[in-house]
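In what follows, chains carry the letters A, B, and so on, assigned in the order in which the sequence lines appear, proteins first and then strands, with residues in each chain numbered from 1.
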There are 2 protein chains.
Amino acid sequence: MQTLVSACPIEDVMRVLSGRWPTLLLYYLKDGTKRFSDLRRDNATVSHRILAHELRKLEQAGLVMRTAFPGYPLRVEYDLTPAGVQLVPLIENLADWWEAGAPARREMSRAAP
Amino acid sequence: MQTLVSACPIEDVMRVLSGRWPTLLLYYLKDGTKRFSDLRRDNATVSHRILAHELRKLEQAGLVMRTAFPGYPLRVEYDLTPAGVQLVPLIENLADWWEAGAPARREMSRAAP
DNA sequence: TCCTGGTTACAAAAATGTCCGTAATTTACT
DNA sequence: AGTAAATTACGGACATTTTTGTAACCAGGA
């Protein structure tokens, strides 16, 4: 966009993590090396166009490392970088927080017909 | 509506937090009650149309509580709910993680001219 | 021909924005 | 006194930008 580096780190993180896929991909990569097709299987609803695009974004943000092997059929592996590894538990915290609030949300939807 | 509750809590949280404004608004609300116009001043770039929209989303997600007072000029106050209060430190963790990686990112951009 | 990991061109959907209108009261000006 | 703003928190009609998706194509070896 306009500002290369905004004053606010929250804005900066969310520029990377916003959207449907980035956090999910990080989560699936936490178990170790995955190939492109593995990641497609992990989340069947992502199109391969988007997957390629999101992986490049994560790579540029320094969260994911791409390793391409020579030869055919092609083979490309993706791993979390150390920064990516550190991020995963923070995402899991968010997920836990959400689940802790789940009963309250069910309560709310019952109260608002 | 398709799925009331998706199988994956990560997807669910990000549906709420994705985008430029939700996390910022939560962060600004952590200091206590704010009025609509206060929040506009806190982040000058948000349009009031979007601000109203995002606040309603956060309200429906149970993170923010809206209190409208009768009389004119209108007066509406926004506060974090308990769930919202619990979420703020998790967002701050993300910001801290980002800042911890900032030196490495500067290194990268120097290495790629 | 199929496989893998992409790419491009195009299309739909979602997020974000601008501009204008509204309500009832206070203030400011003539 | 009479009237014209200003104020506050929105809502609706658009326009634009970003994200996400679909479909087709490529490379080069088994």
*Please work out if B:Glu77 contacts a base, only the sugar-phosphate, or nothing of the nucleic acid, heavy-atom cut-off 4.0 Å.*
nothing
*Touch class at under 4.0 angstrom, heavy-atom based, for A:Phe69 against every strand present*: nothing
*Minimum side-chain heavy-atom gap B:Ile10-A:Leu94 below 4.5 Å*: no
*Taking C-beta and beyond as the side chain, do A:Val16 and A:Pro22 meet within less than 4.5 Å on heavy atoms?*
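With C-beta onward as the side chain, the pair stays apart.
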*OP1 or OP2 of D:dG11 sitting under 4.0 Å from any side-chain N/O of B:Arg56?*
yes
*Please state how far atom NZ in A:Lys57 lies from atom C1' in D:dT20, giving the value in whole angstrom units.*
11 Å
_Gap between atoms CG and C1', on A:Leu55 and C:dT4 respectively (whole Å)_ =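 Atom-to-atom, A:Leu55 to C:dT4, this comes out as 14 Å.
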Contacts under 3.5 Å, N or O only, protein and nucleotides 26-30 of chain D:
none

Is the backbone N or O of [Y] less than 3.5 Å from a side-chain atom of [X], with the two atoms forming a donor-acceptor pair by type?
| X | Y | value |
| --- | --- | --- |
| B:Ser18 | A:Gly19 | yes |
| A:Trp97 | B:Ala83 | yes |
| A:Thr33 | A:Asp79 | no |

Contacts under 3.5 angstrom, residues 36-52 of chain B side chains, donor-acceptor by atom type, not counting sequence neighbours:
residue : atom : partner : partner atom : Å
B:Asp38 : OD1  : B:Arg41 : NH2          : 3.1
B:Asp38 : OD2  : B:Arg35 : N            : 2.9
B:Arg40 : NH2  : B:Val46 : O            : 3.1
B:Asp42 : OD2  : B:Lys34 : NZ           : 2.8
B:Asn43 : OD1  : B:Thr45 : N            : 3.2
B:Asn43 : OD1  : B:Thr45 : OG1          : 3.0
B:Ser47 : OG   : B:Ile50 : N            : 3.4

Could you list the donor-acceptor pairs under 3.5 angstrom formed by side chains in residues 64-78 of chain B, with sequence neighbours left out?
residue : atom : partner : partner atom : Å
B:Arg75 : NH2  : B:Glu77 : OE2          : 3.1

_Cation-aromatic face contact B:Arg105/B:Trp98, 6.0 Å, 45 degrees_ = yes
*If you fit an axis to the five pairs at each end of the helix from C:dT1-D:dA30 to C:dT30-D:dA1, how big is the angle between those two axes, to 10 degrees?*
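End-to-end axis angle: 30°.
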*Heavy atom of residues 23-47 of chain B under 4.0 Å from DNA chain D: which residues?*
B:Arg35, B:Phe36, B:Ser37
Pairs under 3.5 angstrom, nitrogen or oxygen only, protein versus nucleotides 8-13 of chain C, please.
residue : atom : partner : partner atom : Å
C:dA9   : N6   : A:Arg49 : NE           : 3.2

_Working to the nearest 0.5 angstrom, can you tell me the gap between A:Leu24 CG and B:Met14 CE?_
9.0 Å
